[in-house]
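Note that this is a predicted model, so its numbers are computed, not measured.
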Amino acid sequence: MANVFFTAHLKSVAPDGAIVVDGHNVAEALRHVFGRYPMLRGYVLDDQDRLRLHIAVFVDGEHVRKNMLDHPLRPDSELYIMQALSGG
Amino acid sequence: MAERLYIASRKGLMTYEQTGNVWRHVATAFLGSPVSMVLVSPDHRTLFAALNFGHFGTKLHRSTDGGTTWTELQAPQFPKQDGGEKDEKAPAVNAIWAMEWADPAKPGTLWIGTAPAALFHSADNGDTWTLNEGLWNLPTRKKWFGGGTVDTALHSICVDPRDAKRVAVAVSCGGVTLTEDGGKTWTVAGQGLRAEFMPPDKQFDPDIQDAHLMVQCPADPKVYWIQHHNGIFRSTDDLKSWHEITTAPVSKFGFAVAVHPQDPSTAWFAPAQKDEHRYPVDGKIVVQRTRDGGETFDVLRAGLPQENAFDLIYRHGLVVDRTGQRLAMGSTTGAVWTSDNGGEAWSLLSAHLPPVYALRFV
């Protein structure tokens, strides 16, 4: 189980506060979140299920910069999906 | 029903309504968000708004109560490719550039044009969208390339008023393509367009033309106009051929064109200094109007700034209403002007709006 948080910029389509989901990596955890919040998917992933360019991913305090969707999660991990301060 | 002007801007969708000679603001939706395109039904009840968030992608919203409430829809998406999540070249919609009703006889049918250049269709009032595979798989599409953006962009969708199955689209930089069977098959329809930006032996290649905007005359639909990257072009034979018009007195460069709904010989253009600088020629905002099919032009400037102006009019920023008398023009610096006499004189609606992406009269 991982605790997943989303930037307040996504409050119209994302869970309010933390959501606890299964998942051994970021992609699996997000898939579970999207199952409950389907409109959120297109805000985080593009048409090909790639992470959008200006999304920032933090796992257990680490800013993950490569292979973000494959990054492993521990059962007690905290995953933050944030807006990168670029683009826009 | 009062005339309304819908303004899709970098910071929201603004609605103005005309009472007598006065335009007044009646609504703002999506305050703070970039709205790239808007489409409105003739009764003002059904609206579609395309949002283009830099961080979170392209979004589509619909209102069925005249804009009082909005529902987010699933925006058009390219089909997921096998391995697409690892393939940086697999397509994804980056912007919605065009929206039109697909068939007046079938309410709830729509076309959307995107960047990268593709056409999507909905038969259920926008609930679901399907990529037009015929256009996407057209062999000549491989020759298309980006114009003002890295992506190619499909910005013009002309649904023929004689037959909704006949649809012409224009792409930067991919010229004009026509279907006569509702999108099953497509043919290139850019014979005569000329691209100065290509080597000499490629200048008349119809597959790489940078049409900035294409419009079709509703009352005489065999006539089309294009404001092209390096000129103005007109077709009077149902897209069999295009001829270049070289008489525009201020500039042949610009993005926008509007055609008179009843008179195929009358069209308006918003010229700019070509093409690497892109600002009003001599700092003066003017509209070029022809009433004789491009043989001659009037330069209309009454009511428009005539010094130190830097407003640029994007391709969807100059529109004419169904009477052919009322026009509106919106700029990159947030000015909007209207005219009630075919462009002879203009009035400032606002000088302080966000950059204007698209206008609609309904």
Side-chain angles (χ1 to χ4, degrees), chain A residues 4-16 23-58 63-73 79-88, chain B residues 10-11 29-34 36 49-62 69-96 112 114-118 120 126-131 136 149-151 354-355:
Chain A
V4 187
F5 302 82
F6 291 87
T7 170
H9 293 287
L10 293 173
K11 63 183 178 185
S12 66
V13 287
D16 184 17
H24 293 95
N25 58 33
V26 172
E28 286 181 15
L30 287 176
R31 193 177 312 129
H32 287 296
V33 177
F34 298 151
R36 291 157 64 179
Y37 296 86
M39 198 56 81
L40 175 62
R41 180 190 192 92
Y43 285 73
V44 178
L45 304 179
D46 73 9
D47 308 23
Q48 303 296 336
D49 289 344
R50 294 168 300 212
L51 202 66
R52 290 199 177 278
L53 185 61
H54 302 294
I55 295 286
V57 173
F58 295 82
H63 186 178
V64 183
R65 296 175 186 272
K66 287 185 178 177
N67 301 319
M68 292 175 274
L69 291 172
D70 297 331
H71 195 84
L73 298 178
L79 167 61
Y80 281 83
I81 303 297
M82 306 301 287
Q83 171 182 309
L85 296 180
S86 61
Chain B
R10 187 177 171 86
K11 296 294 178 185
F30 310 109
L31 181 61
S33 298
S36 62
L51 276 60
N52 192 14
F53 293 113
H55 294 80
F56 304 123
T58 297
K59 309 301 169 196
L60 183 65
H61 292 252
R62 179 183 64 207
T69 60
W70 293 83
T71 301
E72 183 172 356
L73 308 173
Q74 179 63 59
Q77 286 190 316
F78 285 95
K80 173 81 165 61
Q81 294 185 1
D82 287 342
E85 69 279 4
K86 303 289 186 189
D87 178 2
E88 64 182 29
K89 292 185 176 176
V93 171
N94 288 323
I96 290 175
I112 270 183
T114 62
F120 292 83
D127 286 335
T128 60
W129 294 89
T130 306
L131 173 69
W136 185 250
T149 62
V150 173
D151 282 333

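- Rounded to the nearest 0.5 angstrom, A/R52 CZ and B/F53 CZ are separated by 11.0 Å.
- Enclosure of atom NE2 in A/H63 by more than 12 non-hydrogen atoms of other residues, nucleotides or ligands within 6.0 angstrom is indicated.
- For A/L69, no part lies near chain B; criterion is any non-hydrogen pair under 4.5 Å.
- Of residues 31-47 of chain A, those residues with a non-hydrogen atom less than 4.5 Å from any non-hydrogen atom of chain B are, in numerical order, A/M39, A/G42, A/Y43, A/D46, A/D47.
- The two residues A/H54 and B/G54 come nearest to each other via the heavy atoms CD2-O, 3.6 Å.
- In terms of modelled atom types and a separation under 3.5 Å, the side chain of A/Q48 and the main chain of B/P91 share a donor-acceptor contact.
- Going from atom CZ of B/F56 over to atom CD of A/Q83 covers 4.5 Å, rounded to the nearest 0.5 Å.
- Listed by first and then second residue, the salt bridge (Lys or Arg N to Asp or Glu O under 4.0 Å) pairs that reach into residues 84-94 of chain B are A/D70-B/K86, B/K80-B/E85, sequence neighbours excluded.
- Residues passing the ring pair (Phe, Tyr, Trp, His ring centres under 6.0 Å) test with B/W136, sequence neighbours excluded: B/F78.
- A donor-acceptor pair under 3.5 Å is formed between the side chain of B/H55 and the backbone N or O of A/A84.
- In this structure B/E72 satisfies the salt bridge (charged side-chain N to carboxylate O under 4.0 Å, His left out) test with no other residue, sequence neighbours excluded.
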